[in-house]
Amino acid sequence: MKALNKFQRAGGGFKGEKAALEHLQKLMDDPGIPLAPEQKRQIESFVKGRISEIQGIIRNELGNIATLADEETGRNAGGIPVNIQGLIALRNRAVQVGGDDGNRLAKKIDMMLKINPEVVSYSKLPDNERERIKRQAWDMAQDPASGEYGVARFNALQRADERIRTGMKNDGLTFGASRYGLAIGEMDFSKPETLDAALPTNVNTANRIQAQGGTRVLPLTNDQLGRLGGAINAGNAGQQAIILGKLVNGLGPQYSKDVFHKLAETGNKKEAGFAAAGQIYKYDPMTATVILRGMETASTNKGTAPDEKEAAKEANTFLGQSLSHLPKMRGLIIIAADAVAAEETLKAGEAGGKFNSDIYKAALTRVTGGMVKFNGLETIAPVKGMDNTGFAEMIHELTDRQIDDGSNPGLYGDGKKVKAADFKKGSARFFATNEYGKYRVQFDEFDAYTPDNQPWVIDLRNIALTKPTKQAFPVGPVAPPISEKGSFGPRGSR
């Protein structure tokens with residue numbers, strides 16, 4: 001038992017184990033102890049086993065304390081002060097465990113308590129300001145004069161950054177609201193009237209999170225997005241239409257697009273159809289409603305849904321290669337066209353009949369607004385009903401003022417500005433983006449870029465609508481998820 005006493009008096013850990021084993025070895029080597037070799041081996045085995053057991057208990061206890069302390073200080077990343085008394089209690093537990101490991105952990109927790117106020121303030125700063133402070137902390141940590149505090153401070157700021165990135169990525173609105181002490185609206189999608197107050201609250205919170213932290217977040221929490229999906233799957237077309245209108249009007253154009261993009265990525269066909277309807281609601285609410293009704297019709301009226309293979313062939317012919325760079329956008333257009341075709345098939349009394357190419361082409365035209373061809377490349381028309389001639393006339397009549405108001409110049413690889421005259425030289429090609437009526441442009445197979453090195457985009461819809469036109473009500477195509485940027489070619493000079 002003296003060996004175990006030596007272990008404990010030495011503070012456990014490596015030192016305690018070494019002291020115990022040294023005492024045990026002296027005992028085993030002492031010829032004056034009247035024990036048989038087998039008995040000595042049994043004592044040795046028992047003492048070593050007991051030391052290992054105690055070491056395991058100590059490691060577990062210190063591990064638990066460290067985990068709890070780390071979880072508590074993790075609240076810093078949300079800008080929330082830690083529970084000081086709770087941390088002090090954990091420090092005292094570490095001291096009670098004792099030994100070098102316990103004392104080291106107690107010292108570490110003391111350092112957490114000292115650093116905590118700065119980390120709370122740091123966590124509420126914008127990204128660029130945090131980066132500046134962290135660089136200074138790194139320089140301080142490299143200075144031997146700062147000792148353990150400099151290293152611990154830098155590590156604490158680094159951990160706060162990691163938690164902020166994870167929190168903002170996983171559920172930005174919930175994390176950001178907690179971080180800055182902001183409100184989140186109470187939503188009940190079974191009672192759409194609750195959205196009237198809740199959605200503006202969320203928009204305000206999302207705006208403030210972006211203003212204070214520099215990060216754009218979805219205007220719904222993960223829980224709210226999940227409950228929205230549940231309401232879409234459980235509701236009928238009429239109920240879905242009410243929710244859709246509330247979302248578009250309550251969230252505004254950009255935030256509602258963000259929500260629809262997110263729904264489009266869930267892999268749920270009903271939610272994708274809802275997203276498809278939502279993305280054209282602003283331009284054509286009637287077609288958006290037809291998409292919702294058509295989704296319901298296809299699921300409740302046998303024989304109304306178009307044959308998948310035939311529909312795919314028709315879509316390939318209609319869309320051509322125009323959306324090869326945006327496969328998710330293309331998929332949503334087909335989902336929307338399937339729904340419109342199902343509704344029109346029911347109206348025509350052709351349920352259960354052969355695939356009707358005319359109905360499906362009309363559905364594609366209604367959903368996209370139609371296609372135009374320019375310089376050998378097909379793309380979605382910027383307004384409904386525009387034909388090739390109308391599109392070509394618009395392009396050839398472009399002015400320098402229309403393509404650049406001074407805030408968004410298009411540049412070639414050599415830095416020269418894109419001019420209206422360049423569109424008349426026969427090499428311009430237009431690629432649809434995830435915003436209806438806006439296009440990325442290639443000249444001689446090279447993309448034009450903005451001064452901050454982003455692909456240059458021209459708003460042809462706005463230009464088309466400022467001209468006298470015989471077009472029908474402008475309808476937009478279904479936009480793809482935000483993550484689908486598209487890439488159209490190398491950057492370079494013409």
Side-chain angles (χ1 to χ4, degrees), residues 65-91 94 103-184 202-219 221-222 254-255 258 450-454 482-483:
I65 294 171
T67 298
L68 291 170
D70 195 52
E71 288 175 354
E72 183 58 47
T73 54
R75 291 157 57 85
N76 288 156
I80 303 170
V82 298
N83 180 348
I84 300 297
Q85 294 305 315
L87 272 182
I88 290 174
L90 290 173
R91 177 201 175 281
N103 290 330
R104 271 194 297 270
L105 181 54
K107 188 176 180 180
K108 180 181 177 183
I109 294 174
D110 282 336
M111 204 80 76
M112 292 177 180
L113 288 164
K114 184 178 179 181
I115 295 167
N116 167 57
E118 181 183 4
V119 177
V120 172
S121 300
Y122 173 84
S123 297
K124 294 182 180 181
L125 295 173
D127 292 351
N128 58 348
E129 183 65 10
R130 292 203 321 276
E131 187 60 33
R132 182 187 66 79
I133 291 173
K134 197 167 68 173
R135 281 198 299 270
Q136 291 176 346
W138 169 254
D139 293 339
M140 178 181 174
Q142 304 309 301
D143 183 356
S146 70
E148 293 183 7
Y149 174 77
V151 175
R153 176 174 175 262
F154 174 78
N155 288 339
L157 299 183
Q158 182 87 335
R159 278 199 307 273
D161 276 342
E162 290 170 0
R163 290 193 175 104
I164 289 169
R165 281 193 293 270
T166 300
M168 296 299 283
K169 179 180 178 182
N170 292 345
D171 190 349
L173 193 70
T174 297
F175 186 85
S178 171
R179 185 179 174 193
Y180 298 113
L182 303 173
I184 293 176
N202 281 19
V203 167
N204 180 59
T205 294
N207 286 338
R208 290 181 65 183
I209 289 170
Q210 184 169 11
Q212 291 180 250
T215 303
R216 182 181 180 82
V217 299
L218 197 72
T221 67
N222 284 358
Q254 192 55 58
Y255 278 133
D258 292 350
T450 62
D452 59 352
N453 209 35
Q454 298 298 311
I482 284 175
S483 59

If we only count heavy atoms from C-beta on, is the Tyr122 to Arg130 side-chain gap below 4.5 Å? yes
Do Leu157 and Trp138 have side chains that approach each other closer than 4.5 Å (heavy atoms only, starting at C-beta)? no
In Å, rounded to the nearest 0.5 Å, how long is the span from CZ of Arg216 to CG of Asn207? 8.0 Å
What residues, two or more places apart in sequence or in another chain, satisfy salt bridge (charged side-chain N to carboxylate O under 4.0 Å, His left out) together with Glu162? none
Shortest non-hydrogen contact between Ala141 and Ser146, atoms and distance: CA-OG, 4.0 Å
Quick one: pull up CD in Gln212 and CG in Leu182 and give me the separation to the nearest 0.5 Å. 6.0 Å
Residues at least two apart in sequence or cross-chain that pass salt bridge (charged side-chain N to carboxylate O under 4.0 Å, His left out) with Asp139, listed by chain then number, are none
Return the CZ to OG1 distance between Arg165 and Thr215, rounded to the nearest 0.5 Å. 10.5 Å
Would Gln158 and Lys134 satisfy side chain to side chain donor-acceptor pair (under 3.5 Å), going step by step from the backbone distance to the final call? CA-CA 8 Å; Gln158 182 87 335; Lys134 197 167 68 173; 3.2 Å; yes
Looking only at heavy atoms, which two atoms of Val119 and Ala160 are closest? And how far apart? CG1-CB, 4.0 Å
So Gln136 and Arg132, do their side chains get closer than 4.5 Å, heavy atoms only? yes
What pair of heavy atoms forms the shortest contact from Pro219 to Asn202, and how long is it? O-ND2, 2.9 Å
Residues passing the salt bridge (charged side-chain N to carboxylate O under 4.0 Å, His left out) test with Arg208, sequence neighbours excluded, are none
Any side-chain heavy atom of Asn222 within less than 4.5 Å of one from Thr174? no
Measure the CE-CD distance between Met140 and Gln142 for me, rounded to the nearest 0.5 Å. 11.5 Å
Using the rule side-chain contact (heavy atoms from CB on, under 4.5 Å), only one of Val203, Leu218, Val217 pairs with Tyr255; which is it? Val203
Given side-chain contact (heavy atoms from CB on, under 4.5 Å), test Ile209 with Leu173 step by step and report yes or no. CA-CA 8 Å; Ile209 289 170; Leu173 193 70; 4.1 Å; yes
Atom CG of Asn204 and atom CD1 of Ile184: how far apart are they, to the nearest 0.5 Å? 12.0 Å
Whether the side chain of Asp171 engages the backbone of Thr221 through a donor-acceptor N/O pair (distance < 3.5 Å, no angle test) should be reported. no
Does some side-chain heavy atom of Phe175 sit less than 4.5 Å from a side-chain heavy atom of Ile164? yes
